[in-house]
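Working notes for the structure below.
Chain letters run A, B, ... following the sequence lines, proteins first and then strands; every chain starts at 1.
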2 protein chains.
Amino acid sequence: MSHVLIVDDERDLAELIDFNLRGAGFSTRLAFTGEAALEAAREQSPDVVLLDLMLPDLSGIEVCRHLRANSQLRDVLIVMLTAKSEEADRIRGFEVGADDYVVKPFSVRELVLRLKAILRRSSAPKDSLPPLALGPLRLDVTAHRFYVEGQETSLTALEFRLMEHLMARLGRVQTREQLLEEVWGLSSALETRTIDTHVMRLRDKLGSARALLETVRGVGYRIVDPAAG
Amino acid sequence: MSHVLIVDDERDLAELIDFNLRGAGFSTRLAFTGEAALEAAREQSPDVVLLDLMLPDLSGIEVCRHLRANSQLRDVLIVMLTAKSEEADRIRGFEVGADDYVVKPFSVRELVLRLKAILRRSSAPKDSLPPLALGPLRLDVTAHRFYVEGQETSLTALEFRLMEHLMARLGRVQTREQLLEEVWGLSSALETRTIDTHVMRLRDKLGSARALLETVRGVGYRIVDPAAG
DNA sequence: CCCTTCCGTTACCCATTTGTCACGCAAGGG
DNA sequence: CCCTTGCGTGACAAATGGGTAACGGAAGGG
């Protein structure tokens with residue numbers, strides 16, 4: 001999941017946000033001043049900066065400018081937190097390049113939704129992707145459909161993600177650890193044997209194409225290219 | 001001359017616009033909140049609503065929807081004022097039926113020109129969108145009517161938007177989060193289960209065609225193409 | 001002001017999905 | 001040929017997701 005830098009001098013609020021974002025699967029980092037925020041951002045580039053407009057040292061706008069001026073951090077997403085009375089500053093916030101704003105007081109649920117929405121927008125600018133095709137297999141991410149030899153085959157959501165991940169990495173072995181992290185998500189502390197079970201279930205559904213999903217003993221799994229020898 | 005309702009919570013800006021529009025011969029009325037805007041519009045139907053996207057209570061998009069949902073006010077012209085130059089917001093603005101948009105900061109001169117242009121355009125016959133047709137379903141955006149097997153079926157405003165959104169994305173799965181963001185609007189922090197309820201209500205109204213609205217477990221919903229057997 | 005419609009939320013129930021375990025086979029090294 | 005280790009497989013319990021009905025509040029129309 002994504003990494004969020006939370007910048008707010010009200011510690012209680014910052015920690016409340018922190019707690020909830022972690023609960024929603026984000027990794028987080030806190031900063032209580034503008035300087036600390038910039039330092040933290042330089043240390044570990046966040047995906048999103050949640051930025052209070054009013055800070056003791058630099059204003060949120062200043063922080064915003066500094067971020068945008070840094071070539072490393074230029075493309076970070078910035079969400080401004082503003083109190084109602086600071087409306088006029090909002091416009092300036094957008095002028096210096098905030099990507100979204102949330103007005104205090106806000107519900108945490110709304111904040112989480114906004115964050116997800118903005119991440120989704122930035123990561124998937126395209127509404128539809130071309131399907132992944134590979135020999136007898138075709139996986140259409142946009143429609144969320146999967147075909148074996150032209151026959152639609154129903155996969156569960158998890159199986160679909162697993163298949164997508166493997167097909168997108170054609171020929172490359174994926175270790176169980178990699179799969180756990182990238183298909184299941186960071187927070188999952190599962191038995192690695194669980195993966196075996198899901199691979200088996202996938203193979204069942206692959207039918208005649210089951211040979212394309214290979215085991216690499218002691219390492220992991222991979223999809224092989226049927227065209228390559 | 002035409003009557004313009006100016007909706008912006010930044011009073012200074014609203015009054016600046018007001019002053020200039022009066023100078024250009026428009027009659028005007030001000031509203032500083034979404035609620036006030038709706039009330040004012042109900043009281044005295046304006047020819048144009050100049051609508052800030054960001055308001056303290058309802059978002060501009062919400063206001064837009066309310067206006068479009070009201071039979072008296074459905075045909076009012078709406079010009080969105082937005083600080084975001086982002087394509088996504090423009091598109092959403094247009095989706096809910098804004099007739100034009102102006103990006104802040106704008107020159108007052110430009111604003112007046114745009115207003116005049118749009119009033120001129122609207123007096124000409126309204127260009128209509130072709131209805132979305134799909135097997136037994138037909139959704140006429142322009143007339144705001146919906147037919148199942150040729151039979152008109154009444155949908156609520158929300159159901160209509162949901163159906164329109166899904167039909168316009170034929171075959172593509174829409175996640176609950178996407179739907180929340182794009183049909184309901186970002187400002188609404190709803191339970192995702194709310195969507196289920198509305199999908200159910202929609203299915204009821206679809207009657208024999210209910211199978212066209214598919215659930216993709218763990219992902220979202222999609223409309224299937226009856227032609228793609 | 002009352003009545004109707006619309007909408008968001010909740011609770012319940014069922015089917016499916018998913019994680020875990022135990023067993024035994026297979027692979028590969030010595 | 002034997003032993004160790006890794007993996008395939010089937011069974012099972014728990015968790016999850018979604019359909020549905022019902023409720024209450026809000027908004028709109030008369």
Side-chain angles (χ1 to χ4, degrees), chain A residues 25 107 109-110 113 144 146 153-163 173-177 179-180 183-185 187-206 210-211 213-222, chain B residues 34-43 45 57-58 62-63 65-74 144 146 153-163 173-177 179-180 183-185 187-206 210-211 213-222:
Chain A
S107 81
R109 192 195 293 163
E110 180 187 346
L113 279 177
H144 212 270
F146 180 66
T153 305
S154 78
L155 300 183
T156 70
L158 185 56
E159 287 163 359
F160 194 91
R161 281 202 305 273
L162 179 56
M163 197 66 207
V173 176
Q174 299 299 111
T175 67
R176 290 181 171 67
E177 286 71 24
L179 291 172
L180 271 187
V183 176
W184 271 256
S187 56
S188 71
L190 300 181
E191 296 295 324
T192 53
R193 293 303 311 278
T194 295
I195 291 180
D196 301 30
T197 303
H198 285 282
V199 167
M200 183 198 70
R201 287 169 184 160
L202 255 186
R203 283 183 175 145
D204 274 353
K205 296 192 178 180
L206 290 184
R210 63 157 46 216
L213 208 179
E214 284 187 344
T215 303
V216 181
R217 194 184 165 86
V219 185
Y221 297 95
R222 80 182 152 211
Chain B
E35 290 294 353
L38 290 175
E39 196 185 318
R42 273 185 225 118
E43 244 172 55
S45 263
D57 47 353
L58 305 170
E62 301 279 345
V63 174
R65 289 210 178 105
H66 279 88
L67 291 173
R68 292 300 188 221
N70 181 316
S71 56
Q72 295 287 319
L73 300 169
R74 183 164 299 156
H144 212 268
F146 181 66
T153 305
S154 76
L155 300 184
T156 70
L158 187 54
E159 286 163 0
F160 193 89
R161 282 201 304 277
L162 179 56
M163 198 66 208
V173 172
Q174 299 297 112
T175 67
R176 289 182 171 65
E177 282 169 355
L179 292 172
L180 268 188
V183 176
W184 272 258
S187 61
S188 68
L190 302 180
E191 295 294 327
T192 53
R193 292 306 310 276
T194 295
I195 292 181
D196 301 31
T197 305
H198 284 281
V199 166
M200 187 196 65
R201 288 169 183 160
L202 207 44
R203 281 184 176 144
D204 274 353
K205 297 193 178 179
L206 290 184
R210 64 157 45 216
L213 208 179
E214 284 188 345
T215 303
V216 181
R217 195 179 215 275
V219 185
Y221 295 96
R222 81 183 151 209

**Message:** Is the shortest side-chain heavy-atom distance between Leu202(A) and Leu155(A) below 4.5 Å?
**Reply:**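 Leu202(A) vs Leu155(A): side chains touch.
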**Prompt:** Is Thr194(B) close to Arg176(B) at the side-chain level, that is, under 4.5 Å between some pair of heavy atoms?
**Reply:**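 Counting from C-beta outward, Arg176(B) and Thr194(B) never come under 4.5 Å.
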**Item:** Minimum-distance nucleotide to Arg193(B) side chain [options: dG19(D), dC7(C), dC7(D)]
**Value:**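 Looking only at heavy atoms from C-beta outward on Arg193(B), the closest nucleotide is dG19(D).
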**Message:** Whether Glu159(A) and Arg201(A) form a salt bridge (side-chain N of Lys/Arg under 4.0 Å from carboxylate O of Asp/Glu) is what I want to check.
**Reply:**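 Judged by the 4.0 Å cut-off on N to carboxylate O distance, Arg201(A) and Glu159(A) do not form a salt bridge.
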[X] [atom1] to [N] [atom2]: how many Å, rounded?
{"X": "Arg42(B)", "N": "dG29(D)", "atom1": "CZ", "atom2": "C1'", "answer": "11 Å"}
{"X": "Glu177(A)", "N": "dG6(D)", "atom1": "CD", "atom2": "P", "answer": "12 Å"}
{"X": "Arg176(A)", "N": "dG8(D)", "atom1": "CZ", "atom2": "P", "answer": "7 Å"}
{"X": "Leu155(A)", "N": "dT18(C)", "atom1": "CG", "atom2": "C1'", "answer": "15 Å"}
{"X": "Leu162(A)", "N": "dG19(C)", "atom1": "CG", "atom2": "P", "answer": "11 Å"}
{"X": "Glu39(B)", "N": "dG29(D)", "atom1": "CD", "atom2": "C1'", "answer": "16 Å"}
{"X": "His144(A)", "N": "dG17(D)", "atom1": "NE2", "atom2": "P", "answer": "13 Å"}
{"X": "Leu179(B)", "N": "dC7(C)", "atom1": "CG", "atom2": "P", "answer": "15 Å"}

**Message:** Below 4.0 angstrom, which residues in residues 194-203 of chain A have at least one non-hydrogen atom near DNA chain C?
**Reply:**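 Thr194(A), Thr197(A), His198(A), Arg201(A), in order of number.
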**Asked** Could one point to a donor on the side chain of Arg217(B) or the base of dG17(D) with an acceptor on the other under 3.5 Å away?
**Response**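 Result: at least one qualifying N/O pair found.
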**Asked** Closer to the 5' end of DNA chain D via nearest nucleotide, is it Val219(B) or Asp204(A)?
**Response**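 In this pair, the answer is Asp204(A).
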Is any side-chain N or O of [X] closer than 4.0 Å to OP1 or OP2 of [N]?
{"X": "Trp184(A)", "N": "dG19(C)", "result": "yes"}
{"X": "Tyr221(A)", "N": "dG8(D)", "result": "yes"}
{"X": "Thr215(B)", "N": "dG17(D)", "result": "no"}

**Prompt:** When you match Leu158(A) and Lys205(B) each to their closest nucleotide on DNA chain C, which lands nearer the 5' end?
**Reply:**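 Nearest-nucleotide comparison on DNA chain C picks Lys205(B).
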Could you tell me the separation between the [atom1] atom of [X] and the [atom2] atom of [Y], rounded to the nearest 0.5 Å?
{"X": "Trp184(B)", "Y": "Leu113(A)", "atom1": "CH2", "atom2": "CG", "result": "12.5 Å"}
{"X": "Ile195(A)", "Y": "Leu162(A)", "atom1": "CD1", "atom2": "CG", "result": "7.5 Å"}
{"X": "His198(B)", "Y": "Met200(B)", "atom1": "NE2", "atom2": "CE", "result": "9.5 Å"}

**Prompt:** How is Phe160(A) classified with respect to the nucleic acid when contacts are heavy atoms under 4.0 Å: base, sugar-phosphate, or nothing?
**Reply:**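 The answer is nothing, as Phe160(A) stays clear of every strand by at least 4.0 Å.
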**Request:** In sequence, state the C-alpha distance, the side-chain angles, and the governing distance for Thr215(A) and Arg203(A), and then conclude on side-chain hydrogen bond (donor to acceptor under 3.5 Å, both in side chains).
**Result:** CA-CA 11 Å; Thr215(A) 303; Arg203(A) 283 183 175 145; 2.7 Å; yes
